[in-house]
Colleague: 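This structure is in structure tokens; I'll ask about it shortly.
FYI, side chains are in, hydrogens and waters are out, and symmetry mates aren't considered; it's all heavy atoms of this structure. Lettering of chains follows the sequences in order, A, B, ..., and the numbering in each one begins at 1.
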Amino acid sequence: MLDAQLLRNDLEAVAARLADRGLTLDIATFRGLEDARKRVQTRTQELQAQRNASSKKIGELKRGGQDTTALMAEMAKVGDELKRLEAELGDVQGRLEAFLLGIPNVPHPSVPAGRSADDNVEQRRVGEPRAFGFAPRDHVDLGAGLGMLDFERASKIASARFALMTGLLARLHRAIAQFMLDVHTVEHGYTEVYAPYLVNAESMRGTGQLPKFEEDLFSVPRAEGGKLYLIPTAEVPVTNIVRDEIVALERLPLKYVCHSPCFRSEAGSYGKDTRGMIRQHQFDKVELVQIAHPDNSYEQLESLTAHAEAILKRLELPYRVVTLCTGDMGFSAAKTYDIEVWLPGQNAYREISSCSNFEAFQARRMQARFRSERGKPELAHTLNGSGLAVGRTLIAVLENYQEADGSVTIPAALQPYMAGATRITAGG
RNA sequence: GGAAGGGUGGCAGAGCGGUUGAAUGCACCGGUCUUGAAAACCGGCAGAGGCGCAAGUCUCUCGUGGGUUCGAAUCCCACCCCUUCCGCCA
């Protein structure tokens, strides 16, 4: 959520920067709501002040044994008027908040303007795609050849866009998550978190999934009414740790890492990435979350991105980092780096991590604050990034480490987690 | 699922329907004292928002939402959450 004050003072500039995102800010609607808010709020507060003064006076008069019936009758009328005004004010403020909740974050000045992924700017490439002496297969063929990756049965059990892994492939999946958690906790100083996979609407609103993107979420109804939402990323429960809290200055930055399943309905993406496990309703991810001081949140974004990259380096997987342009960024982000891993089966770099600084956008929604040097509570900055997506890392390992006979060599970094196995072979 | 108790400022903890936005303690900030620190003493210290160039001033907030009243932290109703005991259970 943007600062209402910013919109009041600098509406044109905000609208111009949001236009880079392809969003036309409804300036007339905002001004209309603001004017109404100002008028009704001022009048309401005047009457409230009058009521408070008179009530105090009545108390004094009564103590002095004097008659108060005239004043009380007058105040009863003011009370009726107040009740009406307060209702109107609540209505206007509700609509103003709904308006604000629907506006995406303002991009950081360093973010390149652009309309689509084509306008993203490559920052660096690390590692050389391997030269195969044969035509590399994609993970679907490799997994089927090994007899360990089965989409037909997954769809029998659940539906399309689910995967069933067995044997060493399932173990490799687990090994990847363990490896990532170990690196981030032991070497990068993150605190491991185990968090709820079902969360309430307040948490979803805090990180920005609600109210605008409900159709992307799975939810379960509750017998007692209401519902809980399945998390689309551990970002939601982990960032909400600090919702409605004031963090001591010296504790910043808070650095959390959380391995969790993620559930996404992928509404609106039908027909996209239908082959294989690139885009699933359920996938695992190791998520990095930081609650940072506004003064250094962009330095933290660089280090968080480096932490995610470290995993790819250790797995010796080629990748590149791109800065998302204004038109390709997510709703809540002020700046995002995507890390894209090389997939020989697709002959392309594909997203495996997305690292973002949200500045105070999420913090304002969830009132996540810290006590500043001045002793005053201020909104913190929130950041997160995949470190990394487990399923896509598995795909990258399969495709990059495949051999001509369809077997897969296990990267050295993962071998300690594989109970002695160094290769995955059919029937192995 | 059943029963009981409880939700007040960063924390702990008071609070007859009327100068209580809230005593007191701790923590924190500033000052005195001290070579320095501690102790002691003095002062300050909740958050959000409106109006205003500013000084300032006003409003809202005691789990949430309603209600009673001229006036609610205090009374009534509903809901949420926490704790304890019983039941069930990975």
Colleague: Base, sugar-phosphate, or nothing: which does A:M75 touch, judged by heavy atoms less than 4.0 Å apart?
Modeller: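 It contacts sugar-phosphate atoms only.
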
Colleague: Do A:N200 and A:S203 pair up side chain to side chain, a donor and an acceptor below 3.5 Å, judged on atom types alone?
Modeller: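 Indeed, the side chains of A:N200 and A:S203 share at least one donor-acceptor pair under 3.5 Å.
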
Colleague: At under 4.0 Å between heavy atoms, what does A:K77 touch on the DNA or RNA strands: base, sugar-phosphate, or nothing?
Modeller: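 It contacts nothing in the nucleic acid.
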
Colleague: Can you tell me how far the CZ atom of A:R17 sits from the NE2 atom of A:H108, to the nearest 0.5 Å?
Modeller: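 Answer rounded to 0.5 Å: 9.5 Å.
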
Colleague: Are A:Q362 and A:T207 linked by a side-chain donor-acceptor pair shorter than 3.5 Å?
Modeller: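 There is no such pair (donor and acceptor under 3.5 Å, judged by atom type) between the side chains of A:Q362 and A:T207.
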
Colleague: Tell me whether the rings of A:F331 and A:F213 are parallel (<30°), tilted (30 to 60°) or perpendicular (>60°).
Modeller: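 Judged by the thresholds at 30° and 60°, the geometry between A:F331 and A:F213 is perpendicular.
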
Colleague: Expressed as a whole number of Å, how far does the P atom of B:G9 sit from that of B:G2?
Modeller: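 So the two P atoms sit 30 Å from each other.
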
Colleague: In whole Å, measure the gap between the P atoms of B:G50 and B:A54 for me.
Modeller: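 Approximately 13 Å lies between the P atom of B:G50 and that of B:A54.
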
Colleague: Between B:A22 and B:U61, how far is it from one C1' atom to the other, in whole Å?
Modeller: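 Per the computed distance, 12 Å lies between those C1' atoms.
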
Colleague: In whole angstroms, how far is the P atom of B:C58 from the CD atom of A:E46?
Modeller: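 Going from CD in A:E46 over to P in B:C58 covers 13 Å.
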
Colleague: Please write out the pairs of protein N or O atoms and N or O atoms of nucleotides 49-52 of chain B separated by less than 3.5 Å, giving the distance to one decimal.
Modeller:
from	atom 1	to	atom 2	distance (Å)
B:G49	O2'	A:Q41	NE2	3.2
B:G50	OP1	A:R8	NH1	2.2
B:G50	OP1	A:R8	NH2	3.4
B:G50	O4'	A:Q41	NE2	3.2
B:G50	O3'	A:R37	NH2	3.1
B:C51	OP1	A:K38	NZ	3.3

Colleague: Give the rounded distance in Å between these two atoms: CZ of A:R371 and P of B:C28.
Modeller: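 In whole Å, B:C28 P lies 13 Å from A:R371 CZ.
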
Colleague: Taking the C1' atom in each of B:G71 and B:G21, what is the distance between them to the nearest angstrom?
Modeller: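 The answer is 16 Å between these two C1' atoms.
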
Colleague: For A:M72 and B:G71, give me the distance from atom CE to atom P, rounded to whole Å.
Modeller: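 Distance, rounded to whole Å: 9 Å.
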
Colleague: For atom C1', what is the distance between B:U32 and B:A39, given to the nearest Å?
Modeller: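 So the two C1' atoms sit 13 Å from each other.
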
Colleague: Grab the stems for RNA chain B, please: at least three consecutive Watson-Crick or wobble pairs, both distances below 3.5 Å, written as range with range.
Modeller: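 The stems that RNA chain B takes part in, listed by first number, are B:1-7 with B:80-86, B:10-12 with B:24-26, B:28-32 with B:40-44, B:46-51 with B:56-61, B:63-67 with B:75-79.
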
Colleague: Sticking with atom C1', work out how far B:C89 lies from B:C16, rounded to a whole angstrom.
Modeller: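 Taking atom C1' in both B:C89 and B:C16, they lie 48 Å apart.
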
Colleague: Do the rings of A:Y190 and A:H188 sit parallel, tilted or perpendicular, given the 30° and 60° boundaries?
Modeller: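 A:Y190 and A:H188: perpendicular rings.
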
Colleague: With distance as the sole criterion, is a donor-acceptor pair present between the side chains of A:T323 and A:K335 under 3.5 Å?
Modeller: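 A:T323 vs A:K335: no donor-acceptor pair found between side chains.
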
Colleague: Rounding to a whole Å, what distance do you find between A:E202:CD and B:G63:P?
Modeller: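 After rounding, the gap between these two atoms is 18 Å.
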
Colleague: Taking the inter-plane angle between the rings of A:H293 and A:F370 on a 0 to 90° scale, is it parallel (under 30°), tilted (30 to 60°) or perpendicular (over 60°)?
Modeller: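 Geometry flag for A:F370 against A:H293: tilted rings.
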
Colleague: When rounded to the nearest Å, what value does the distance between P atoms of B:U84 and B:A73 take?
Modeller: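 Going atom to atom, P in each nucleotide, I get 31 Å.
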
Colleague: Are side-chain N/O atoms of A:H139 and A:E399 paired as donor and acceptor at under 3.5 Å?
Modeller: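 Judged by distance alone, the side chains do pair up.
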
Colleague: In this structure, how many angstroms lie between the C1' atom of B:C11 and the CD atom of A:E245, rounded?
Modeller: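 Between C1' of B:C11 and CD of A:E245: 13 Å.
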
Colleague: Output, in order, the C-alpha distance, side-chain angles, deciding distance and verdict of side-chain hydrogen bond (donor to acceptor under 3.5 Å, both in side chains) for A:Q48 and A:E86.
Modeller: CA-CA 10 Å; A:Q48 284 171 333; A:E86 282 170 352; 3.0 Å; yes

Colleague: Any heavy-atom pair between the side chains of A:F263 and A:L217 that's under 4.5 Å?
Modeller: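 With C-beta onward as the side chain, the pair stays apart.
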
Colleague: Roughly how far, to the nearest 0.5 Å, is the OH atom of A:Y298 from the OG atom of A:S110?
Modeller: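 If I round to the nearest 0.5 Å, the distance is 6.0 Å.
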
Colleague: Can you list, by residue number, the residues of residues 47-57 of chain A that have a non-hydrogen atom closer than 4.0 angstrom to RNA chain B?
Modeller: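 By residue number: A:Q48, A:A49, A:R51, A:N52, A:S55.
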
Colleague: Please work out if A:R43 contacts a base, only the sugar-phosphate, or nothing of the nucleic acid, heavy-atom cut-off 4.0 Å.
Modeller: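 No contact at all - A:R43 keeps every heavy atom at 4.0 Å or more from the nucleic acid.
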
Colleague: Below 4.0 angstrom from OP1 or OP2 of B:C29, is there any side-chain N or O of A:K376?
Modeller: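 The answer is no; no side-chain N or O of A:K376 sits under 4.0 Å from OP1 or OP2.
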
Colleague: Under a 3.5 Å threshold, yes or no: a donor from one side chain and an acceptor from the other, between A:E287 and A:Y256?
Modeller: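 Distance-only check fails for A:E287 and A:Y256.
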
Colleague: Just how far, in rounded Å, is P of B:U64 from CG of A:N200?
Modeller: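 Computing the A:N200:CG to B:U64:P distance gives 16 Å.
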
Colleague: Nearest-Å distance, CZ (A:F370) to C1' (B:G47)?
Modeller: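 After rounding, the gap between these two atoms is 16 Å.
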
Colleague: Rounded to the nearest 0.5 Å, what's the gap from OH on A:Y319 to NZ on A:K313? Could you check?
Modeller: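 Separation between the atoms: 4.0 Å.
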
Colleague: Give A:I58 one of three labels, base, sugar-phosphate or nothing, depending on what nucleic acid heavy atoms sit under 4.0 Å from its own.
Modeller: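 Base contact - A:I58 has a heavy atom under 4.0 Å of at least one base atom.
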
Colleague: B:G10 P sits how many Å from A:E378 CD, rounded?
Modeller: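 Taking atom P of B:G10 as the reference, CD of A:E378 is at 16 Å.
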
Colleague: Nearest-nucleotide wise, let me know which of A:G79 and A:Q367 is further upstream toward the 5' end of RNA chain B.
Modeller: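 Closest to the 5' end, via its nearest nucleotide, is A:Q367.
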
Colleague: Can you check the distance between B:C45 and B:C51, where both ends of the measurement are the C1' atom (answer in whole Å)?
Modeller: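 The answer is 26 Å between these two C1' atoms.
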
